[in-house]
Colleague: 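One structure, pasted below without further comment.
Atom set for the values below is all heavy atoms of this structure, side chains included, hydrogens, waters and symmetry mates excluded. Chain letters run A, B, ... following the sequence lines, proteins first and then strands; every chain starts at 1.
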Amino acid sequence: MEDEEIIALFFQRDQRAIEVCRTRYGSFCTSVANRIAPSREDGEECVNDALLRAWNSIPPQHPKSLGGFLAALTRNLAVDRVREHTAQKRGGGEIPLVLDELEEAVPAPGSVEEAVEGHLLSESINRFLRSLPEKERLLFLRRYWYLCSVKEAGAMGGMSEGTASSLLRRTRNKLKKHLEQEGFVL
Amino acid sequence: MSRQSTVLFDALANLDPELVLAAAPIPAEAQHKKRRPLWVMVAAVIAVAALLMGAAGILNHYFSLGGFAVESTEHHFSIDLSAKGPVEAKDGRLYLEIDGERTDITDLVDAHTAYLYTAYNASGQVFSHILAGGTPEDYGWVEIWFDGAKQRYVWAGKHGEMSGSGLLGEDLELAGAEEVADVMDCPWIADGVEQILATAS
């Protein structure tokens with residue numbers, strides 16, 4: 001069943017939509033969740049919650065990419081789980097490392113959160129990512145969206161950890177310049 | 001970490017799902033990095049280095065296998081990359097031509113796999129490595145050779161719009177194979193350097 005057919009089930013409020021999604025994208029979403037969530041159990045719950053959120057948000061939403069949409073829901077729920085656990089001082093996996101790395105992409109102290117609405121920043125980053133060579137874009141997303149380790153993300157692109165780390169550093173610097181050029185500086 | 005980096009991180013949550021999906025991690029079992037058998041060819045006698053002028057140690061000129069000129073003094077090192085490189089794409093095929101010998105390497109390389117050509121001097125010592133890789137549409141080469149006078153590796157290469165040259169230090173491994181791959185920014189170079197290091201170990 002194609003994405004459009006599945007989305008049609010959502011619009012018809014046909015609950016088979018959830019099971020079809022689980023069959024088609026369940027393992028993918030589980031892999032996304034398990035990279036981030038504090039435990040397998042948390043990961044499974046994130047996938048279930050993501051499917052429920054999809055049910056509650058389609059309609060009115062009509063995602064262009066159902067797999068990407070479900071993955072985003074799952075990823076964000078898993079990040080929330082990590083934050084809950086981190087607040088309880090149970091570690092945060094890759095997230096603290098990723099946040100440290102993203103410091104280098106912040107245009108100027110105090111500028112982003114005060115001057116920019118989240119969705120505008122997301123759109124700007126989308127434009128930035130589309131401008132990158134594919135290899136660089138995939139590496140960035142695997143590191144900062146899927147929260148793969150640098151070594152793992154590099155290996156997926158045929159790069160060693162050192163090469164991936166260097167490329168990520170350059171990409172963060174490019175992102176910083178891009179955000180500044182788009183006016184994300186006070 | 002600052003609140004700004006958290007804002008950036010949160011903004012990533014709303015990226016275009018299509019972009020995100022295209023970057024879906026590859027399962028470990030599917031990541032089979034293609035390895036090629038080590039291609040070592042022994043050149044009979046390749047007289048590629050010559051002291052051209054000046055007293056020893058003052059000014060050295062070398063010619064690389066790829067036909068590139070190297071100028072080296074105590075305080076200066078440069079490589080002239082303007083000559084025709086050793087790799088050529090023609091009719092959808094990739095060819096490596098060294099010392100008059102032309103080899104079709106199209107099926108031996110890809111974006112992640114390098115073809116390694118190793119040349120030996122008359123004493124049987126490794127003199128130079130040439131790495132070639134990529135596709136007929138996006139290919140390049142790197143030469144890594146040993147500067148006997150200075151006891152260090154030097155390298156030069158071109159890939160796409162990128163070109164570079166430099167010193168790797170006395171120990172290729174310690175100097176970091178990543179240095180070359182990083183400058184040239186391409187996976188097959190890293191693969192080729194790993195092949196070289198494997199032969200040295």
Colleague: Please report the interatomic distance CZ(A/Arg130) to CG(B/Leu19), rounded to the nearest 0.5 Å.
Modeller: 5.0 Å

Colleague: What residue in A/Gly157, A/Ala72, A/Ala164, A/Ala153 has the most heavy-atom pairs under 4.5 Å with chain B?
Modeller: A/Gly157

Colleague: How close do B/Ala22 and A/Leu138 get, counting heavy atoms only, and between which atoms?
Modeller: O-CD2, 3.6 Å

Colleague: Does A/Ser122 use its side chain to pair, donor to acceptor, with the backbone of B/Leu12 at less than 3.5 Å?
Modeller: no

Colleague: If you round to the nearest 0.5 Å, how far is CD of A/Glu123 from CG of B/Leu15?
Modeller: 11.0 Å

Colleague: Tell me whether the count of non-hydrogen atoms from other residues, nucleotides or ligands lying under 6.0 Å of CZ in A/Arg24 goes above 12.
Modeller: yes

Colleague: Check this for me: B/Arg102, atom CZ, are more than 12 non-hydrogen atoms of other residues, nucleotides or ligands nearer than 6.0 Å?
Modeller: yes

Colleague: For atom CZ of B/Arg93, is the number of surrounding heavy atoms from other residues, nucleotides or ligands below 6.0 Å larger than 12?
Modeller: yes

Colleague: Counting only heavy atoms not in A/Glu5, do more than 12 fall under 6.0 Å of its CD?
Modeller: yes

Colleague: Main chain of B/Asp16, side chain of A/Asn126: is a donor-acceptor contact present, judged purely on distance under 3.5 Å?
Modeller: yes

Colleague: At their closest point, which heavy atom of A/Arg35 faces which heavy atom of B/Pro25, and how far apart are they?
Modeller: NH2-CB, 3.2 Å

Colleague: Going by an N to O cut-off under 4.0 Å, is there a salt bridge joining A/Arg83 and B/Asp10?
Modeller: yes

Colleague: Side-chain contact, heavy-atom cut-off 4.5 Å: B/Leu21 with A/Phe69?
Modeller: no

Colleague: Is A/Leu147 in contact with chain B via its backbone, its side chain, both, or neither, using a 4.5 Å heavy-atom distance?
Modeller: side chain

Colleague: With a 4.5 angstrom heavy-atom cut-off, which part of A/Ala105 approaches chain B: side chain, backbone, both or neither?
Modeller: both

Colleague: Counting only heavy atoms closer than 4.5 Å, note whether A/Asn76 contacts chain B via side chain, backbone, both or neither.
Modeller: side chain

Colleague: Are side-chain heavy atoms of B/Leu8 and A/Leu99 found at a separation under 4.5 Å?
Modeller: no

Colleague: Could you tell me whether the side chain of A/Tyr146 and the main chain of B/Val20 form a donor-acceptor pair under 3.5 Å?
Modeller: yes

Colleague: Find the one option among A/Leu175, A/Leu141, A/Val98, A/Val79 whose heavy-atom pairs under 4.5 Å with chain B are most numerous.
Modeller: A/Leu141

Colleague: Side chain from CB out, backbone as N, CA, C, O: work out which of these in A/Val32 comes under 4.5 Å of a heavy atom of chain B, or both, or neither.
Modeller: neither

Colleague: Which atom pair, heavy atoms only, marks the closest approach of B/Phe9 to A/Tyr144?
Modeller: CE1-O, 4.0 Å

